[in-house]
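Report on the following structure.
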Amino acid sequence: MSEPFEIKPGSPIWKLTRFWRVLAITSLMVIVCSAVLNLVIDPFDLYGLGLFPRTVMNHYQIKLGLIQEFDPPPEALILGSSRAYALDPDVVEGTLGQRCFNFSVPSAKAETYYSILRLMLEEFDAPIDTIILAVDPETFHPTLPIQSEARYIEEYARYFVYNDAAQATVWDRIALLPTLDQTTESFGSIHKLFQKSTGVKWMDYRDDGYSTFTQREQEISEGTFDLQSRLDNRIGKYPERSLRLSDFTGLCEVRQRYWEDFIELCRENDITVYAFMPVEHPQLHEFMLELGADEIFNSVSEYLGGTLAYEGWVYRDFTDIEEFDGDPDEFYDEIHLRPDNADRVLQSLMSSEE
């Protein structure tokens with residue numbers, strides 16, 4: 001009769017099993033610690049415990065609060081992702097003579113535009129006459145998810161009608177606790193809390209939704225802002241971190257449905273649309289073309305041009321800075337414009353004739 005198999009301490013098999021045990025325990029501890037960190041800090045404002053000062057701004061919640069106090073409601077609306085933050089409602093009002101609100105929010109996509117427009121028309125009864133819209137290529141990305149902040153705010157989420165799991169459940173909130181995205185935001189929250197304690201403010205909002213990168217502007221005024229260093233650090237990461245270029249195999253059909261419903265809402269309500277694809281810093285634009293992203297840009301631009309081809313509407317492709325006589329020095333990073341460039345975009349767009 002053979003003796004029972006025994007793993008002897010110090011043997012290769014013992015060392016291997018011990019390694020996997022330690023790895024499993026360490027991984028579990030990291031997951032638990034991340035979940036606890038995210039619960040306490042609550043960077044997306046999902047759990048309502050109030051155990052940590054709010055330092056990462058939920059832009060979706062902020063814009064909702066601002067529009068609720070914006071009386072009378074706007075006649076013109078600026079929509080888009082964070083790339084549209086610097087589009088100034090005062091420039092729109094000065095050109096078109098219409099009271100304007102900037103409702104741009106992070107990572108906005110086709111479902112976001114649709115949701116906000118329905119919110120404005122149905123719940124605020126806003127007399128929207130004009131929409132200024134910055135349409136990122138990510139608007140139609142086939143795999144990028146709906147922004148977490150939007151999914152967990154009922155006012156937006158109720159209009160995500162074509163997404164089976166768009167309305168988040170309690171279990172969704174729990175499942176989000178150990179995720180990398182939320183953990184990254186939690187550490188960002190700690191960093192911003194430290195900045196706040198030293199008197200540095202990250203961003204300011206006006207009553208009309210216009211936002212200013214206060215810290216960046218302060219660095220620029222002090223001569224400590226280094227745009228080239230930021231570009232060097234961020235451009236190489238952008239294709240996969242932000243655009244997820246390898247997953248962008250075609251325009252998402254569900255997001256095309258949202259977009260076409262958005263267009264139909266505009267037509268039904270006699271809303272004039274001024275839309276454009278936002279500019280990238282020339283160094284990023286050149287890098288993206290080297291990676292073959294022009295095929296994606298062209299397909300999105302052609303689709304937009306076709307769906308926006310109505311009398312009185314305007315569509316411009318501003319991915320190349322020369323299209324609106326922009327200044328490559330007037331950027332905060334690879335995609336975010338400073339006010340001077342944003343004003344040039346608006347003036348060029350609203351002076352366009354179809």
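FYI, the numbering just counts along the sequence from 1. What you see is a predicted model; the values in this text were computed from it and never measured.
- Defined by atom type and a distance below 3.5 Å, a donor-acceptor pair is present between the side-chain atoms of Asp232 and Gln228.
- The closest side-chain heavy-atom distance from Arg255 to Tyr162 is not below 4.5 Å.
- Side chain of His281 to backbone of Asp333: no donor-acceptor contact under 3.5 angstrom is found.
- Of the charged side-chain nitrogens involved, none lies within less than 4.0 Å of a carboxylate oxygen, so that Glu123 and Arg118 do not count as a salt-bridged pair.
- Heavy atoms from other residues, nucleotides or ligands lying under 6.0 Å from CD of Glu290 number more than 12.
- The hydrophobic cluster containing Tyr210 does not contain Tyr274, counting ILVMFWY residues as joined when their side-chain heavy atoms lie under 4.5 angstrom apart, directly or transitively.
- The aromatic rings of Phe103 and Tyr156 sit perpendicular, their planes meeting at an angle over 60°, well past the 30° parallel limit.
- Under the 3.5 Å distance criterion, the side-chain polar atoms of Ser351 are matched with a main-chain donor or acceptor of Ser348.
- Arg344 contributes no side-chain N or O that, together with a main-chain N or O of Pro339, makes up a donor-acceptor pair within less than 3.5 Å.
- In the hydrophobic clustering of ILVMFWY residues, with side-chain heavy atoms under 4.5 Å counting as a link, Leu349 and Tyr310 come out together.
- Formation of a donor-acceptor pair under 3.5 Å by the Asn341 side chain with backbone atoms of Asp327 is found in this model.
- The pair Arg206-Asp88 meets the salt-bridge criterion, since a charged nitrogen lies less than 4.0 angstrom from a carboxylate oxygen.
- In this structure, Tyr114 has its ring center closer than 6.0 angstrom to the ring center of Tyr258.
- Taken together through direct or relayed side-chain contacts under 4.5 Å among Ile, Leu, Val, Met, Phe, Trp and Tyr, Met277 and Leu289 form parts of separate hydrophobic clusters.
- Ring planes of Phe297 and His285: parallel class, angle under 30° (limits at 30 and 60°).
- The closest donor-acceptor contact from the side chain of Arg83 to the backbone of Leu337 lies at 3.5 Å or more, if one exists at all.
- Side-chain N or O atoms of Ser104 include none that pairs as donor or acceptor with a backbone N or O of Leu79 at under 3.5 Å.
- Annotation for Leu87 and Ile78: closest pair O-CD1, 3.5 Å, computed over non-hydrogen atoms.
- No side-chain N or O of Thr212 forms a donor-acceptor pair with one of Tyr205 less than 3.5 Å apart.
- No side-chain donor-acceptor contact under 3.5 Å links Asp136 to the backbone of Glu138.
- Looking only at side-chain heavy atoms (C-beta outward), Pro73 and Pro127 come within less than 4.5 Å of each other.
- Criterion: ILVMFWY side-chain heavy atoms under 4.5 Å apart, direct or through other members. Under it, Leu144 and Tyr60 are not part of a common hydrophobic cluster.
- A salt bridge is absent between Glu260 and Arg257; no separation between the charged side-chain nitrogens and carboxylate oxygens falls under 4.0 Å.
- In the displayed structure, Glu253 atom CD is contacted under 6.0 Å by at most 12 heavy atoms of other residues, nucleotides or ligands.
- At least one donor-acceptor pair closer than 3.5 Å links the side chain of Arg230 to the backbone N or O of Tyr332.
- Judged purely by atom type and a 3.5 angstrom limit, Asn298 uses its side chain to pair as donor or acceptor with the backbone of Asp294.
- Lys63 places no side-chain N or O within donor-acceptor distance of the main-chain N or O of Gln61, the cut-off being under 3.5 Å.
- Inspection of the Thr139 and Trp259 side chains reveals no N or O donor paired with an N or O acceptor under 3.5 Å.
- In the displayed structure, Glu322 atom CD is contacted under 6.0 Å by at most 12 heavy atoms of other residues, nucleotides or ligands.
- Note: Tyr303 and Phe140 meet the aromatic proximity criterion, with ring centroids under 6.0 Å apart.
- For the pair Asp208 and Cys100, the minimum side-chain heavy-atom distance is 4.5 Å or more.
- Salt-bridge formation is not detected for the pair Glu334/Lys237: no Lys NZ or Arg NE/NH1/NH2 atom is positioned less than 4.0 Å from an Asp or Glu carboxylate oxygen.
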